[in-house]
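Letters go in sequence order (proteins before strands), and every chain restarts at 1. The basis for the numbers below is simple: all heavy atoms, side chains too, and nothing from hydrogens, waters or symmetry mates.
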There are 2 protein chains.
Amino acid sequence: MEQDRNINLGEIVRQGRVALRLTLRELSAMSGVSSSHLGRIERGERFPSGSVLRKIASPLGFEEDEIFTLAGYLSPHPSGIGEGHPHYGGRELDPFAARMLAQEPIEVQRAVIGILSILKSIATSMTKGSR
Amino acid sequence: MEQDRNINLGEIVRQGRVALRLTLRELSAMSGVSSSHLGRIERGERFPSGSVLRKIASPLGFEEDEIFTLAGYLSPHPSGIGEGHPHYGGRELDPFAARMLAQEPIEVQRAVIGILSILKSIATSMTKGSR
DNA sequence: ATTGACATTTGCCATTTGGCGAATTATAAT
DNA sequence: ATTATAATTCGCCAAATGGCAAATGTCAAT
């Protein structure tokens, strides 16, 4: 099913581990992933899921996105150079609205977006005149 | 084993999809993920693997690392070089809320903030008055 | 109400992932 | 060489993922 996975990832992991002079069991203890699983990953019998990848990243000295990219979960460094204001999706975010919304906890922010989508559906049904 | 996965990811995906007025089958056709699986993901019955996440990112208008972060596969400040999210005022702006809101025209964004402040004043008057 | 055309959900199954414990294979140390 | 000990691999299992097809739900137009 998955075809873009890097088949060399196992070798990369193994090289990273031996470079740090860690045994499978030691890496297992540091990462919380079983040593047998790590061994199978290294020799390509298994492919690590995102959560396993996340667990082994730091013990091996990888940045998270770095190892995700190596694994083929992320495409090679798409992150552009920073510009002044990020362009979330399509349009631009009004700085005032952003500042106001940012003062709320995440749940409230999400709830506000939920309310917005409800209002939008009401609005469209009004203009269509149905019901 | 998985503990840091975002329980709200399904809702985020659903909101993203309906915001684009896509059906499950359409998103399935665009992403190559079966519609039944997408449906289960949206209502939290399944959690998308990294490869599924990657497939649905672009059709939903997410950056890859953005949706990986929302899912909990990457930790919040992923690895950008220089570019951090701006800290509007006190707290942090939820990326999903930001991109949803950014799709609206400025007036609508302001109106949403207006509604938010109304809700907040109602909340304060409730806690002051009763109880 | 009935039909038809959809969208969504459910049942079921194959595949994959990942852990535990038992082999098996190095690696030393007598 | 023969142990003792550590490291890796193998066998088997439970749980999760994801697809397909059938069932169910929704809704507009007769």
Side-chain angles (χ1 to χ4, degrees), chain A residues 1-7 9-57 59-60 67-68 70-73 117-118 121-122 124-131, chain B residues 1-7 9-57 59-60 67-68 70-73:
Chain A
M1 181 183 40
E2 315 318 333
Q3 70 291 20
D4 278 2
R5 28 169 76 172
N6 181 359
I7 74 165
L9 180 65
E11 196 50 42
I12 292 177
V13 170
R14 171 152 293 176
Q15 293 203 355
R17 175 175 64 85
V18 298
L20 295 171
R21 293 155 186 267
L22 294 173
T23 76
L24 284 172
R25 285 202 146 90
E26 288 169 329
L27 180 56
S28 170
M30 297 170 71
S31 62
V33 181
S34 75
S35 58
S36 56
H37 192 50
L38 290 173
R40 285 193 247 249
I41 288 171
E42 288 188 353
R43 77 190 99 104
E45 285 183 41
R46 291 279 196 284
F47 196 80
S49 72
S51 36
V52 165
L53 225 44
R54 184 177 205 255
K55 289 178 189 167
I56 66 177
L60 290 177
I67 199 170
F68 269 79
L70 285 172
Y73 280 127
S117 56
I118 291 174
S121 74
I122 293 176
T124 55
S125 67
M126 283 197 316
T127 56
K128 276 186 191 160
S130 63
R131 296 259 289 151
Chain B
M1 181 183 47
E2 322 306 343
Q3 72 283 25
D4 282 359
R5 26 168 78 170
N6 183 357
I7 186 93
L9 180 65
E11 195 49 44
I12 292 176
V13 169
R14 171 151 292 176
Q15 291 203 357
R17 176 175 62 86
V18 299
L20 295 171
R21 296 161 187 269
L22 295 173
T23 73
L24 284 172
R25 286 200 143 89
E26 289 169 329
L27 180 57
S28 170
M30 298 170 70
S31 61
V33 180
S34 74
S35 58
S36 57
H37 192 51
L38 290 172
R40 285 194 247 247
I41 288 170
E42 288 187 353
R43 77 191 97 99
E45 287 182 40
R46 291 280 196 285
F47 195 80
S49 72
S51 37
V52 165
L53 224 44
R54 184 176 205 252
K55 290 179 187 164
I56 65 178
L60 289 178
I67 199 171
F68 269 79
L70 285 170
Y73 280 126

Can you tell me how far P of C:dT16 sits from NE2 of B:H37, to the nearest Å? 15 Å
Assign each of B:V18 and A:P48 the nucleotide of DNA chain C bearing its closest heavy atom; nearer the 5' end lies the nucleotide of B:V18
So what does A:R21 touch, heavy atoms closer than 4.0 Å: a base, only the sugar-phosphate, or nothing? nothing
So what does B:T23 hit on the nucleic acid, given a heavy-atom distance under 4.0 Å: a base, only sugar-phosphate, or nothing? sugar-phosphate
Give a yes or no on whether the backbone of B:L24 and the side-chain of B:S28 come within a donor-acceptor separation of less than 3.5 Å. no
Look at all strands and tell whether A:G32 reaches a base, only sugar-phosphate, or nothing, counting heavy atoms closer than 4.0 Å. sugar-phosphate
How many whole angstroms separate atom OH of A:Y73 from atom P of C:dT16? 13 Å
Distance under 6.0 Å and angle within 45° of ring axis: A:R5 vs A:F47: yes
To the nearest angstrom, how far is B:F47 atom CZ from D:dG18 atom P? 10 Å
Tell me: CD1 of B:I41 to P of D:dG18, nearest whole Å? 6 Å
OP1 or OP2 of C:dA7 sitting under 4.0 Å from any side-chain N/O of B:R17? no
Distance criterion of 3.5 Å, no angle test: do you see the side chain of A:S36 paired donor-to-acceptor with the base of C:dC20? yes
Just the rounded figure in Å: distance from P of C:dG19 to CG of A:L38. 8 Å
Do the side chain of B:R25 and the base of C:dT8 come within less than 3.5 angstrom through a donor-acceptor pair of N or O atoms? yes
Rounded to the Å, how far apart are A:E42 CD and D:dT8 P? 8 Å
Rounded to the Å, how far apart are A:R14 CZ and D:dA7 C1'? 11 Å
Within the side chain of B:N6, is there an N or O that forms a donor-acceptor pair under 3.5 Å with the backbone of B:L70? yes
Output the rounded distance in Å from CG (A:L9) to P (C:dT17). 12 Å
Under 3.5 Å: donor-acceptor pair, side chain of A:E26, backbone of A:T23: yes
Decide yes or no, distance alone: a donor-acceptor N/O pair under 3.5 angstrom between the base of D:dG19 and the side-chain of B:R40. yes
Output the single nucleotide from D:dC10, D:dT17, C:dT8 whose closest atom is nearest the side chain of B:L24. C:dT8
Presence of A:R46 side-chain N/O under 4.0 Å of C:dT15 phosphate oxygens OP1/OP2: no
Less than 4.5 Å apart, side chain to side chain, heavy atoms only: is that true for B:L38 and B:S31? yes
Choosing from D:dG18, C:dT10, C:dT17, which nucleotide comes nearest the side chain of B:E45? C:dT10
OP1 or OP2 of C:dT10 less than 4.0 angstrom from a side-chain nitrogen or oxygen of B:R43, does that happen here? yes
